[in-house]
Amino acid sequence: MIKAEPVSILRFLATYYDIIRELYNIQNKEGIIRHEELTEICGRHEHDVHQQLKDYKILRSVNADFELRDVYYKLIEFILYEFKPMLPETFEKYLMSMSELFRKIKEGTHGDKMILSERIINLQTQIREFLDGVEKNTVRLLHETRELKANVDKVDYRVKVHKASFWIQYYIIPLNQVLNVNYSDSVANKLLDISDFANQRRLNFDEEGIRIQFEKLYNQLIQTNDDLLRQSKILTNELLPLIERIRTESMILTGWIEFLRNPYKVTTPKLLKSNRSAAYNKNLFFHTKEFFEQFMEDEEVFIEEDPQIYEQWIFNKANVKAKLKEQVPVQDFFSWCRNELMMEFKEVDAEKFFAMCTLLFEEDIEKEFSEKGTKVKIKTHHSRMTVPKIKILN
Amino acid sequence: MEYPKNHKEIVEDLMAGKFILPSAKHFESLRESEAFYAEFFKESFSYTLTVTNDYAYVVSPETQETLSRDISIFFAIVCYEMDRDGRNFLDQIQYSEFEMEDIDRMFENSSFIDLILSNKQLKDQDARRTLLNAMNRRHIIEKITEDRFTFTSAYKVFIEFAIELAKSRSKEVEPSDN
């Protein structure tokens, strides 16, 4: 039993709020308030409030240490609007208790009215607590998501992906299921059943007192339904897209950073290698422009001269002409040229062959063409030629 | 033989390595005759046709790797720098217009400056304009004026590439994480 007046306790809370707040923070962080920490805080604030904290049942002893009693912890949590997110599994206890109470209310409509009334009141409390829990969770999840988006802790993108996935997988999606009326096992669906039942009983129950209680339950459920719908909308329209985007964006950035670490060792998306365009292609101008743009900035180029020395051949017409004259009559001029080249160079080079052919235009060389038009085939180093058979007479 | 509607435009664009986008009049024709064109490009040129809700394009066994790599680096730096500025880069790429000046500022102040300077297509303003011209021709961006452009939905090819890379790397790092 608390001996103090309620107003004294409230005044104490207001006067020593700073101390209470610090105790709350410690419990939030460490789960317990160590004796030394309590002494240190009181010393720092120059107020020894050990005794009041015990007398007003604000602190509970845990061996040599302390913890804030749940009611005060929740009060501070609510005032600060700093809620710890509840795992959706925690909500299932409400589903269980509400289902059980609802079953007993249905079965006990003809039984003791006193217990029926108590059960309705208890059910209302469960519904209120459930709604509170959902609201707190949404607030906390929104806060966490916005913190993650702003990245105040400067966490790595990979950690962001992990955190976002964690919130989605363990909190947001399961909470959404709890609130989804289309899901048969959801709390929202159970509330709908209760609402239907309360709606009937508020109209047709024999006893007026219970009828009024069903009326209250029904009205509470209408309000609860609106509130849950609002929470569900926040989850699906705001929270889920926001956190999904954080996850996607963080994932993209993780990929890009990974890529930028060594962009030349990763296979990038395939793009079509376009073929060379015809001169009449309508895109030729742009392709040419693109091609030339690559060379806008000239790089310094060094050209080394080829040290290989080529043998330079000069056609000595007088010499060859004299040789031809010595051998006249020559039956086939082109074959003679080929043979001469073969004898001298062991191959028939086209350039040398054509140079020798110029002898035909010499005026003092008498030629005779085959009347039958006989052709001769000459094979040079790189080509095959079909030439007429020409006889040299003189 | 009767060819699908807009056959000439479809073939011309795809053969030029362009993305065909939903805004193009021949996109629908291509989607309707997707099976025909998939076979047509496979049989005629050994090209693979990819059609999604956001784009269509073909790839050859031989690909333009340098261009793809330069574009990927371009996207990587643009996304990274926008995020560093606190901008929602995905929204910006999807819905915003970009100015060349803005892009130049991002590249000039980037911490990846060594990589940028060593890349012929990204090292300076002129080089980046050349790269953007190539992206414009392939319909990866759409130029509004000489200095302003928007990204087309073809950006998703490169964003998907980054996501896949992140996934594959995270699998390598955390083989037991599922």
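Proteins get letters first, then strands, A, B, ... in listed order; numbering begins at 1 in each.
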- Task: Step by step, work out the side-chain contact (heavy atoms from CB on, under 4.5 Å) result for A:W256 and B:I73.
- Result: CA-CA 8 Å; A:W256 284 138; B:I73 299 174; over 6 Å; no
- Worked check of side-chain contact (heavy atoms from CB on, under 4.5 Å) between B:L115 and A:Y264: CA-CA 11 Å; B:L115 172 68; A:Y264 299 98; 4.0 Å; yes
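Counting heavy-atom neighbours within 6.0 Å of B:E9 CD, excluding the residue itself, gives a total above 12. The environment of CZ in A:R34 is sparse: at most 12 heavy-atom neighbours from other residues, nucleotides or ligands sit within 6.0 Å. The number of heavy-atom neighbours closer than 6.0 Å to OH of B:Y3, taken from other residues, nucleotides and ligands shown, is 12 or below. B:E65 CD: 12 or fewer foreign heavy atoms inside a 6.0 Å radius. For A:E30, the CD atom sits in a packed shell: over 12 heavy atoms of surrounding residues, nucleotides or ligands are nearer than 6.0 Å. Enclosure of atom OH in A:Y170 is not indicated, since only 12 or fewer non-hydrogen atoms of other residues, nucleotides or ligands lie within 6.0 angstrom. No more than 12 heavy atoms of other residues, nucleotides or ligands shown are found within 6.0 angstrom of CD on B:E39.
Between chain A and the options B:L14, B:N133, B:D83, heavy-atom pairs under 4.5 Å are most frequent for B:D83. Each of B:A127, B:A162, B:A166 has some count of heavy-atom pairs under 4.5 Å with chain A, and the biggest count is that of B:A162. Between chain A and the residues B:V157, B:I77, B:N88, the largest count of heavy-atom pairs under 4.5 Å involves B:N88. The greatest number of non-hydrogen atom pairs below 4.5 Å with chain B, out of A:V161, A:I257, A:T248, A:L260, is found for A:L260. The candidate from B:F112, B:F89, B:F158 with the greatest count of non-hydrogen atom pairs under 4.5 Å with chain A is B:F89.
Both the backbone and the side chain of A:V266 come within less than 4.5 Å of a heavy atom of chain B. Interface residue A:T267: only backbone heavy atoms are found under 4.5 Å from chain B. Interface remark: B:F19 contributes side-chain atoms only to the contact with chain A (heavy atom separation under 4.5 Å). With a 4.5 Å cut-off on non-hydrogen atoms, B:Y80 touches chain A through its backbone and its side chain both. If you measure heavy-atom distances from B:I71 to chain A, the contacts under 4.5 Å come from the side chain alone.
For B:S72 against A:P269, the heavy-atom pair with the smallest separation is OG-CD, 3.7 Å. Shown here for B:L165 and A:G255, the closest heavy-atom pair between the two residues is CD2-O, 3.3 Å.
Judged by distance alone, the side chain of B:R69 and the main-chain N or O of A:P263 form a donor-acceptor pair under 3.5 Å. Remark: the backbone N or O of A:K270 is not paired with any side-chain donor or acceptor of B:S68 at under 3.5 angstrom.
To the nearest 0.5 angstrom, A:I252 atom CD1 is 4.5 Å from B:L90 atom CG. Here the CG atom belonging to B:L67 is positioned 5.5 Å from the CG atom belonging to A:L271, to the nearest 0.5 angstrom. Between atom CZ of residue B:R87 and atom CD of residue A:E249 there is a gap of 12.0 Å, rounded to the nearest 0.5 Å. With rounding to the nearest 0.5 Å, the separation of CG in A:L272 from CZ in B:R138 is 6.5 Å. Interatomic distance, NZ of B:K167 versus CD of A:E258, reported as 15.0 Å (0.5 Å rounding).
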